[in-house]
Amino acid sequence: MSMRKVIAVVGLSGVGKSTLLDNARRMLVFEHLQAGDLIKAERQEHQGKPIAHDRLRERNIDDNQAFLISGFMKRAPKEGLIVLDGHTVIDTPVGLKEIPPSVFAEIDVSRFVVLVDDVKNIALRRSSDTRRTRPVRSHEELAEHQERSLLAAYRAALALSVPLFVVPLREHTDIGMFLNF
């Protein structure tokens, strides 16, 4: 039996995952690992050159997921609560690419928490975040992306036989109750 619990907190880029998790760390103890950071670190280690976070979607997504798994295995603590902040669908230059359930199985995800929000709010967050360069998408495209992301999380949770929680983002969303076992 594993001494650690891995929870995947997923949702669209700009939904507010990282902000919500940063706030939750004030009340809960957990390791917060961002999928993009793990992939970047592994790519740099193996290829010797840095890559910008927002350029990852332009690389081979299957390679990225292999880097995610190896990075997680190297950097995740062997015990305690670990929250993987990531995605179930990647918005690539050639369309949406679903992350296979096997990726989540490899890192032993025991629960999915899917953050969702009104796509107008997501679009606003994405456009006002000057630290990131995300693809500009219409509200309709973001709605489709969010729906596909939710369905991909559902398929992964079903394949892994683990619980899935859909959490609408609100002003006072308490994600802590979905992280506690």
Side-chain angles (χ1 to χ4, degrees), residues 6-18 21 32-47 49-76 82-119 121-123 125-127 129 131-162 164-167 169:
V6 181
I7 298 174
V9 175
V10 297
L12 292 189
S13 179
V15 76
K17 297 179 302 292
S18 298
L21 289 168
H32 178 192
L33 298 176
Q34 293 185 314
D37 291 344
L38 294 171
I39 295 167
K40 278 176 34 181
E42 283 296 290
R43 273 193 170 278
Q44 184 167 349
E45 186 176 310
H46 287 85
Q47 297 173 344
K49 56 186 174 193
I51 183 171
H53 185 89
D54 293 314
R55 303 293 306 265
L56 289 174
R57 75 182 83 245
E58 299 169 6
R59 299 292 192 253
N60 182 300
I61 300 302
D62 294 330
D63 288 350
N64 283 351
Q65 298 318 300
F67 285 132
L68 169 64
I69 293 166
S70 63
F72 184 89
M73 295 306 179
K74 286 180 191 174
R75 292 167 181 85
I82 303 164
V83 176
L84 177 67
D85 174 346
H87 304 280
T88 54
V89 174
I90 306 297
D91 187 0
T92 75
V94 294
L96 299 178
K97 168 97 170 137
E98 185 172 330
I99 304 304
S102 59
V103 171
F104 299 103
E106 285 286 326
I107 59 177
D108 201 25
V109 168
S110 58
R111 176 179 294 183
F112 285 86
V113 177
V114 184
L115 290 180
V116 296
D117 197 7
D118 185 299
V119 294
N121 296 335
I122 295 170
R125 275 189 219 100
R126 288 169 68 129
S127 67
D129 185 354
R131 300 166 298 145
R132 301 280 308 272
T133 307
R134 297 175 174 106
V136 176
R137 300 291 183 229
S138 69
H139 292 166
E140 292 78 17
E141 290 170 316
L142 289 173
E144 177 192 349
H145 189 162
Q146 184 162 250
E147 182 177 319
R148 295 220 13 222
S149 177
L150 181 57
L151 289 172
Y154 176 75
R155 280 192 282 277
L158 195 59
L160 276 63
S161 299
V162 300
L164 175 136
F165 299 93
V166 179
V167 180
L169 192 64

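Values reported hereafter were calculated over all heavy atoms of this structure, with side chains retained and with hydrogens, waters and symmetry mates removed. This one's a predicted model, so the numbers in the text were calculated from it and none came from an experiment.
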So does [Y] get a backbone contact from the side chain of [X], meaning a donor-acceptor N/O pair under 3.5 Å?
| X | Y | answer |
| --- | --- | --- |
| Ser149 | Gly11 | no |
| Arg43 | Phe67 | no |
| Glu141 | Ser138 | yes |

Which heavy atom of [X] sits nearest to which heavy atom of [Y], and what is that distance?
| X | Y | result |
| --- | --- | --- |
| Val6 | Asp108 | CB-O, 3.6 Å |
| Ala152 | Val89 | CB-CG2, 3.8 Å |
| Gly71 | Leu38 | O-CD2, 3.8 Å |
| Gly86 | Lys17 | O-CE, 3.3 Å |
| Ala41 | Arg75 | CB-NH2, 3.6 Å |

Strictly below 4.0 Å, N to O, side chains only: are [X] and [Y] in salt-bridge contact?
| X | Y | result |
| --- | --- | --- |
| Glu42 | Lys74 | yes |
| Glu45 | Lys40 | no |
| Arg125 | Asp117 | yes |
| Lys97 | Asp62 | yes |

[atom1] of [X] to [atom2] of [Y]: how many Å apart, nearest 0.5 Å?
| X | Y | atom1 | atom2 | value |
| --- | --- | --- | --- | --- |
| Gln65 | Ser102 | CD | OG | 9.0 Å |
| Arg148 | Asp91 | CZ | CG | 10.0 Å |
| Ser127 | Arg137 | OG | CZ | 14.5 Å |
| Ser13 | Leu142 | OG | CG | 9.5 Å |

Test side chain to side chain contact (heavy atoms under 4.5 Å, CB included) applied to Leu96 and Ile90, step by step
CA-CA 6 Å; Leu96 299 178; Ile90 306 297; over 6 Å; no
With a 4.5 Å cut-off on side-chain heavy atoms, are [Y] and [X] touching?
| X | Y | value |
| --- | --- | --- |
| His87 | Val10 | no |
| Leu68 | Leu84 | yes |
| Asn121 | Leu169 | no |
| Val114 | Val167 | no |
| Val103 | Pro100 | yes |
| Ile7 | Val109 | no |
| Leu160 | Pro101 | yes |
| Ile61 | Ile99 | yes |

Take Glu98 and Thr88 through the test side-chain hydrogen bond (donor to acceptor under 3.5 Å, both in side chains) and record every step on the way to the result.
CA-CA 6 Å; Glu98 185 172 330; Thr88 54; over 6 Å; no
Leu115 and its side-chain contact (heavy atoms from CB on, under 4.5 Å) partner, picked from Val15, Ile122, Leu12
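Option passing the side-chain contact (heavy atoms from CB on, under 4.5 Å) with Leu115: Val15.
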Stepwise side chain to side chain contact (heavy atoms under 4.5 Å, CB included) test for Val166 and Leu150
CA-CA 8 Å; Val166 179; Leu150 181 57; 3.5 Å; yes
From CA spacing to verdict: ring-ring contact (aromatic ring centres under 6.0 Å, His included), Phe104, Phe112:
CA-CA 10 Å; Phe104 299 103; Phe112 285 86; 5.1 Å; yes
Kindly check if the number of other-residue, nucleotide or ligand heavy atoms within 6.0 Å of OH (Tyr154) is above 12?
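Check fails, neighbour count at 12 or below.
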